[in-house]
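Report on the following structure.
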Number of protein chains: 2
Amino acid sequence: MLALHTPEGTLADVASTKLTQAIITGELLQGQKLNEAELAERYGIGRGPLREALRQLEGMRLVKRIPHAGARVVMLDRDMMADLYAVREALEGMACRTAALRMTDAEIETLRLLLEKHAEQIEATDGQIYVQSEGDFDFHYQIALGSRNQMLIDLLAGELYQLLRMCRYRTSRLSARTRPALQQHRHIVDALTARDGELAEILMRRHISGAWKSISQMMDEEHDSKTITYPRSKTASGS
Amino acid sequence: MLALHTPEGTLADVASTKLTQAIITGELLQGQKLNEAELAERYGIGRGPLREALRQLEGMRLVKRIPHAGARVVMLDRDMMADLYAVREALEGMACRTAALRMTDAEIETLRLLLEKHAEQIEATDGQIYVQSEGDFDFHYQIALGSRNQMLIDLLAGELYQLLRMCRYRTSRLSARTRPALQQHRHIVDALTARDGELAEILMRRHISGAWKSISQMMDEEHDSKTITYPRSKTASGS
DNA sequence: TGCAAAAAGATTGTCAACAATCGTCGAGAA
DNA sequence: TTCTCGACGATTGTTGACAATCTTTTTGCA
């Protein structure tokens, strides 16, 4: 009983978790075709459970299935990321406003301590850790929990955050705004402490839209240097 | 080639659609155990596709699966409905604000015509149709489409609206606010026409939170008359 | 009589083979 | 040479049987 060989119960759920990880880390590339037989082989399971896992990932918007044509890893292009951040802003803004009313004093205090830990990590690694690590998600996740809205929690934790982590892996070395982000987090906690829901929402929305502006801008620059513009006309795309 | 016998391609997708309908209409009761073999028999398919359909419904939050214990229809209790309406308010408010900027004049005009059709139906049926029918969803769905945010559209159309329709079937005869609702819809279209995103958002949020207050209040009254309070103490609950 | 444990039954999870469908490659005609 | 049609191969969709797990019933003991 040293180590339970499967983190969750069924093979389909295990496969679902592993696939999620593989997609987020980029081990499975964006737009890549997912061959059922090959994946089943790789994870040592039958195609039945694997298909169930794919259906689950489809629900999380990590893969797109087309009947009789197979599943592909979702293409997280710029438009989709923009949509994602817009939805996230609305949802987390609401979470923050609600959390200001419903979180216990103890929970808010825990949040503040969490930020202190983050601050230490930032100093220790000179600004590297905060954004890259999952630490940032802890903060946002704790606030989602604080809203006491189970549907909102599921929505954020189950779907949006997976896509968001996928964004991060793609753009991790682009954005290095760890210190301003931490400062914004601190201000949010202050608003929560003051039980000022409206302010907390505004700060959270600004925090998220700021993050998007930063990422968006960095993508522009990256884009210009590489010039991977998608072919807008069909000028001999074959060769 | 008169009629394609299956609306969608795979059996799993067909089953998914049928199950969704069965759950929403209450043919499958809330909290009811879903026996795989029995359902597969009923729909004339194997258990494989049926299990995939269940996994898909789980993603839509219409059923809750527990490993090795089967799937049950979700319990749409009052708390969950409150959560649902809160999330919906945030999401549709955002959709409305964005739609005010992105919808074409033609689309807004179409919306207005839609409302006129609704008005006729209301007069013809003396206030019955509007809320009960899917007509209301058309309006909200069109605005979601107008946001041009695919993620938001999927979220609303694919998940929240199903649950919402489930609410309706449970509380359809409770709420009869068809005329005020139509009037609110008209004001929203006016705001869209004026391209006033902020006002459009406010009006939509008020519309939705008003709907929830109405439903919530009616549930209270229904509740009091029936007195189905959950047992708060264990006073011989067995008999 | 009441409780606990074990066996029986039912249900879910998994697999491997079969059928249906789609994409591709090549042959033939314009 | 290029387009179309048809056959082949590969992949997905589906099924039924088997294994693992949970639930219920029954039996034995205190």
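Reminder, nothing fancy here: chain letters follow the sequence lines and each chain counts from 1. Atom set for the values below is all heavy atoms of this structure, side chains included, hydrogens, waters and symmetry mates excluded.
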Tell me what B:Pro49 touches on the nucleic acid: a base, only sugar-phosphate, or nothing, going by heavy atoms under 4.0 Å.
-> base
Base, sugar-phosphate alone, or nothing: which one does B:Gly70 contact when heavy atoms must sit under 4.0 Å apart?
-> sugar-phosphate
Any luck finding a side-chain donor-acceptor pair between A:Thr25 and A:Arg165 under 3.5 Å?
-> no
Is any side-chain heavy atom of B:Arg51 less than 4.5 Å from a side-chain heavy atom of A:Arg55?
-> no
Between A:Ala69 and A:Gly46, which has a closest nucleotide on DNA chain C that is more 5'?
-> A:Gly46
Presence of B:Arg51 side-chain N/O under 4.0 Å of C:dG13 phosphate oxygens OP1/OP2 | yes
Round to the nearest Å and state the distance from B:Ile66 atom CD1 to D:dT23 atom C1'.
-> 14 Å
On DNA chain C, more 5' by nearest nucleotide between A:Pro67 and A:Ala12 is A:Ala12
Could you state the CD-P distance from B:Glu52 to D:dT14, rounded to the nearest angstrom?
-> 7 Å
Identify, residue by residue, the members of residues 33-43 of chain A with a heavy atom below 4.0 Å from DNA chain D, and return them in order of residue number, or none.
-> A:Lys33, A:Leu34, A:Asn35, A:Glu36
All pairs passing salt bridge (Lys or Arg N to Asp or Glu O under 4.0 Å) where residues 19-34 of chain A contributes a residue, at least two apart = A:Glu27-A:Arg42
Taking atom types as modelled and ignoring hydrogens, do the side chains of B:Asp13 and B:Thr10 form a donor-acceptor contact shorter than 3.5 angstrom?
-> yes
Using only heavy-atom distances, determine whether the side chains of A:Asp154 and A:Gln150 contain a donor-acceptor pair under 3.5 Å.
-> yes
Does the ring centre of B:His185 sit less than 6.0 Å away from the ring centre of B:His118?
-> no
Separation of atom CZ in B:Arg72 from atom P in D:dC22, rounded to whole Å = 16 Å
In whole angstroms, the gap separating C1' of D:dG13 from CZ of B:Arg47 amounts to 17 Å
Starting from P on D:dT21, measure out to CG on A:Leu11 and report it in whole angstrom.
-> 10 Å
Nearest whole angstrom, please: distance from the P of C:dT21 to the CG of B:Asp13.
-> 15 Å
